[in-house]
Number of protein chains: 4
Amino acid sequence: MATQGAGSVVAKRGPGRPRSEKARKAVIRSTLHLINQVGFNDLTIEAVAARAGVGKATVYRWWPNKAELVIAAFVSAVEEELRFPSTGPVLESIHEQMKRWAQIFRSPLGQIVATVIGAGQSQPEILEAFRRHWIEPRRLEARRLLRQAMESGEIRSDIDPDTALDLFYGPLYLRLMIRHAPLDTPFVNEVFNVVKPVLRANSGSSGSE
Amino acid sequence: MATQGAGSVVAKRGPGRPRSEKARKAVIRSTLHLINQVGFNDLTIEAVAARAGVGKATVYRWWPNKAELVIAAFVSAVEEELRFPSTGPVLESIHEQMKRWAQIFRSPLGQIVATVIGAGQSQPEILEAFRRHWIEPRRLEARRLLRQAMESGEIRSDIDPDTALDLFYGPLYLRLMIRHAPLDTPFVNEVFNVVKPVLRANSGSSGSE
Amino acid sequence: MATQGAGSVVAKRGPGRPRSEKARKAVIRSTLHLINQVGFNDLTIEAVAARAGVGKATVYRWWPNKAELVIAAFVSAVEEELRFPSTGPVLESIHEQMKRWAQIFRSPLGQIVATVIGAGQSQPEILEAFRRHWIEPRRLEARRLLRQAMESGEIRSDIDPDTALDLFYGPLYLRLMIRHAPLDTPFVNEVFNVVKPVLRANSGSSGSE
Amino acid sequence: MATQGAGSVVAKRGPGRPRSEKARKAVIRSTLHLINQVGFNDLTIEAVAARAGVGKATVYRWWPNKAELVIAAFVSAVEEELRFPSTGPVLESIHEQMKRWAQIFRSPLGQIVATVIGAGQSQPEILEAFRRHWIEPRRLEARRLLRQAMESGEIRSDIDPDTALDLFYGPLYLRLMIRHAPLDTPFVNEVFNVVKPVLRANSGSSGSE
DNA sequence: CAATAATCGAGACGGTACGTCACGTCTTCTT
DNA sequence: AAGAAGACGTGACGTACCGTCTCGATTATTG
């Protein structure tokens, strides 16, 4: 490495004024505020820039489109809540995580998640960004845990980890998106309790048709 | 009253030129075509009207916004596929229905569903229309079937029918919306086979926490 | 009068419902009211019909465009004031007529005249209608009077009647349209008094250059 | 203060991109072209913008409505025109001027004058602008000349200069607006020759009624 | 007295232009 | 070079009227 001097790992920076951290934060804050006020669709870069006291071009310089901006804002808002609880039995970790998610989904952040997925339905790059910045990081860890549990015999190994995760989280996302029924703790518990036993080793659920 | 004679059931129509069925159909057709081409967000009333050979005002006269228009188009496209298969054991009916839905979800119609739910995330009236015209009619029938099955002892009765349906359909909707993994028949089967046994009578999965 | 029998000069009327005089009057009344409220430009057939309690098609059936309608309304409003005062010396008749016109021009009816001429500047058919229904009928009579006066030796005969009329009325129309100075009786008198002597026989004003 | 140095008279300009002079000129040119083609009524901002190769919003940014735009175009079209020829006898100057005006009135500029007066009939601000930018500058000089001629005894002094000018120019404007007869040189001569003698000193035309 | 025919009010039709809004880019001066 | 400001060309929005049309209902004349 050492491009710049002894042990410098700092990313090379060209000449010119460096980007303003103040502006970046103002934009993120403005975005979070406005998306809670008006939702994703009615969120305009124009308004974000105005409220942040920032030029429109500054926004476009750093985020290529509304979705990346919103996801960045969202990620920055939930950064610290993301870690999977990685102690104890795997299934209990999942249960804990599900309850935490339900809580997030009920908060304004849940509306942002919903709104981003929603926007992703007609703008593939949004969905792609959502998967990359949100779904995959979490799945990676969850898959790893499930595999460990399969190897240790805690859960059966003839089921696809992704399918298992869809069983746990699908109902939660469904209620988040459709809002046809409350996304409360009893519901989360019931979902977990239904799916859990089937994952136990030697449950024998194979053989469709 | 009987102004008209015995049994006059003639649908009363107000004065003025009646609305043009031809125009209505042209608009619906144009909408379906365009939404498959460009998605919900980039669908413009302007383009719908132009392609239908219809004035913009005619579209606005009959559908208050893009969402109602798209839902009307969607409903008209799947009208005949909506009926729940109501013969045989309830669980098998559900399995059949799940497979049919997965098939629809994989078709262009699936994109419409996704896109409408997506738009609903930032426009409540869209989501409301989606629930009223799409979710509820189906749930009504499904709930009735589940209750019958509970009474007949086919499935346990200590589970909320809506929760049960969310368990079956949540994972399908999740893959429809997130597209992180294929929504194929093996997946549908696995979901069904995982959830099915827990619904059987005397499965005893209650009492978390 | 023998409307139907021998020697009927009454216009033959075919079968079918005859036009409604009530509707005609309502439209004219509505037009006069609205044109005084909003002027010619903002007058819409739609509003005229609505206020008259009449179908739009009924208006279009009888008047081909807004201008014809407005002129008809205007003519019907001033009908009785149109006759040229045909007694006494020709020049005095003209003086009388000028004073009467100035009075009309100062009233709301003057605004209608101005507005119609105005609209005629960008819509030839309006100007044409104005000339046919308004200018020409008056000029016809005035020209006839002037010719009589020429023959009787009251005024010189080496001047074009239309030019003479333009000399009398041009200044009045100018003040109607430009509004740069009042169109009052002293002004009318002065115009008349300036032009009058030149028309007298043996005034000898020919031969410019 | 003196931040800039002694005598800094640099026109302060705010931040932001300055307005495009090129766009301004293109819009004015396009307006003039189109108003000659289709008149005021059928002049659309849409077409003006399109022909100028400019966004509609740019037009609306600088001119609040069609009237202001037309006024600006009109003013820019006539600003270099028409100084009064001020040599020789006053009456001959007027004669010259009348002939020049007749010529202008027959040209495309005449159509613009007519069109602007026409539009002014339903939009007072246009008429006001017309008087300020067209009528008044010319009247000012003409009035001055007439007063000089009155003082020098060239013409009688018991007549209002504005009335005299209306007598000369009223017939010309009348034919410009009504188009009921040609606005040719013979006509101009006849008008001039009729009015001229009456203005001569000691003509004695006073005493109306 | 029925058939025919033109009218009526109502209001939907395919259009066009409106004036507004946000887009994403650009051009200026300032930091 | 990045910043705020704000003008630029673009294009869709939802609305208002245009002039035409299609209804059912009415009111005449004609056979």
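Letters go in sequence order (proteins before strands), and every chain restarts at 1.
The residues C:Glu68 and C:Arg132 are annotated as salt-bridged, a charged nitrogen and a carboxylate oxygen being separated by less than 4.0 angstrom.
OP1 or OP2 of F:dC8 lies within a sub-4.0 Å distance of a side-chain N or O belonging to D:Trp62. Between C:Arg61 and F:dT20 there is no side-chain N or O to OP1 or OP2 distance below 4.0 Å. An OP1 or OP2 oxygen of F:dG9 is reached within less than 4.0 angstrom by a side-chain nitrogen or oxygen of D:Thr58.
If B:Pro18 and C:Glu46 are placed on DNA chain F by their nearest nucleotide, the residue sitting closer to the 5' end is C:Glu46. Place B:Pro15 and B:Ala23 on DNA chain E by their nearest nucleotides, and B:Pro15 ends up nearer the 5' end. Place C:Ala50 and B:Ser20 on DNA chain E by their nearest nucleotides, and C:Ala50 ends up nearer the 5' end. Nucleotides of DNA chain F nearest to B:Gly16 and B:Tyr60 differ in position, and the one nearer the 5' end is that of B:Tyr60.
Atom CZ in A:Arg51 sits roughly 19 Å away from atom C1' in F:dA5 (whole-Å rounding). D:Arg19 has its CZ atom 16 Å from the P atom of F:dG6, to the nearest Å. The separation between D:Trp63 atom CH2 and E:dC18 atom C1' is 18 Å, rounded to whole Å. Rounded to an integer number of Å, the gap from D:Ile45 CD1 to E:dC21 P is 17 Å. In this structure, CG of D:Asn41 is placed 13 Å from P of E:dA17, rounded to the nearest angstrom. At whole-Å resolution of the value, CG in B:Asn65 and P in F:dT15 are 11 Å apart. Summarising the geometry, the separation between NZ on C:Lys22 and P on F:dA28 is reported as 12 Å, rounded to the nearest angstrom. Atom CG in D:Asp42 sits about 14 Å away from atom C1' in E:dC18, given to the nearest Å.
Judged by a 6.0 Å distance limit and a 45° cone about the ring axis, D:Arg19 is positioned over the six-membered ring of D:Trp62.
If you check every strand for non-hydrogen atoms under 4.0 Å, B:Ala57 touches a base. At the heavy-atom level, B:Ala47 lies nowhere under 4.0 Å from the strands shown.
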*asked:* Determine whether B:Gln123 and A:Asn41 satisfy the following criterion, side-chain hydrogen bond (donor to acceptor under 3.5 Å, both in side chains), listing intermediate values before the conclusion.
replied: CA-CA 8 Å; B:Gln123 282 152 269; A:Asn41 259 17; 2.8 Å; yes

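Note that CD1 of B:Ile35 and CD of B:Gln111 are 10.0 Å apart. Values are rounded to the nearest 0.5 Å.
The closest donor-acceptor contact from the side chain of B:Thr31 to the backbone of B:Val70 lies at 3.5 Å or more, if one exists at all.
For a distance-only test at 3.5 Å, the side chain of B:Lys56 fails to qualify as a donor-acceptor partner of the base of E:dG15. Residue-to-nucleotide contacts include no donor-acceptor pair under 3.5 Å from the side chain of D:Arg17 to the base of F:dC8.
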